[in-house]
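The structure appears right after this line, and notes come after that.
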Amino acid sequence: MPKASSPPINHHIARIDTERNGTHAWLVRMQHRSLFVNHYFSDGKFGGKVAALKAARAFRDATLSGLEEPFKSRWRATTLRRNNVSGMPGVARYVRLSEAREGGEARPYWVAFWANAQGRRGSMKFSVAKYGEAGARRGALAVRQQALADKYGTAK
């Protein structure tokens, strides 16, 4: 079994076989922040399909080793997406509808999600009924900030 820090065997690597133009190669494709990498390893240049794959894996591994946190970077964990309404990545508002469908009342809550340094995912919910809308949101934001501080040393 591969180590937790190593990528899956062909992660970031795709096979390109196009008979029309005679392309037979492995493509290494990666993105890290503003760095985009697209590199071809043709069977002809490297002496066959297996040798080209070995070269592609070696290139991928060398490129990833030069990057900080290649799989779950702080940048990704803290970048605000267009559809975010809470103001912080990893914090969202949900409404529990199961009771509402059965004639009960919908129960809204705020939840914070995070991944610790070992990659384990955690979450904590804050009920709007218990804490109020602002209090539940504040609680989720505080938990998310603390999780980022625990993982990265400082909160963003």
Donor-acceptor side-chain pairing of Gln146 and Trp114 below 3.5 angstrom: no

Just checking, any donor-acceptor pair under 3.5 angstrom between side chains of Asn10 and Arg57? yes

side-chain contact (heavy atoms from CB on, under 4.5 Å), that's the test. Do His11 and Leu64 meet it? Break it down for me. CA-CA 11 Å; His11 192 64; Leu64 286 177; 5.6 Å; no

Do you know which two heavy atoms are closest between Ala136 and Ser127, and how far apart they sit? CB-O, 3.8 Å

Closest heavy-atom pair and its distance - Ala140, Trp110: CB-CB, 4.0 Å

Measure the CE-CZ distance between Met124 and Arg144 for me, rounded to the nearest 0.5 Å. 13.5 Å

Step by step, work out the ring pair (Phe, Tyr, Trp, His ring centres under 6.0 Å) result for Tyr109 and Phe126. CA-CA 5 Å; Tyr109 60 94; Phe126 294 86; over 10 Å; no

How long is the gap from CD1 on Ile16 to CG on Leu27, to the nearest 0.5 Å? 5.0 Å

Separation of Arg107 CZ from Lys125 NZ (nearest 0.5 Å): 9.5 Å

Indicate yes or no: at least one non-hydrogen side-chain atom of Arg60 is less than 4.5 angstrom from one of Met30. yes

Any chance you could measure Ser86, atom OG, to Arg93, atom CZ, to the nearest 0.5 Å? 12.0 Å

Measuring from atom OG1 of Thr23 to atom CG of Asp17, what distance do you get when rounded to the nearest 0.5 angstrom? 9.0 Å

Of all the heavy-atom pairs spanning Ala106 and Val95, show the shortest one and how long it is. CB-CG1, 3.5 Å

Six-ring centre of Trp26, Arg15 cation under 6.0 angstrom, axis tolerance 45°: yes

Does Val128 share a hydrophobic cluster with Val111, counting links as ILVMFWY side-chain heavy atoms below 4.5 Å and allowing steps through other members? no

What one should report as the nearest heavy-atom pair of Ala25 and Ser42 is CB-CA, 3.6 Å

How are the rings of Phe113 and Tyr94 set relative to one another: parallel (under 30°), tilted (30 to 60°) or perpendicular (over 60°)? perpendicular

Rounded to the nearest 0.5 Å, how far does CZ of Arg29 lie from CG of Asn38? 5.0 Å

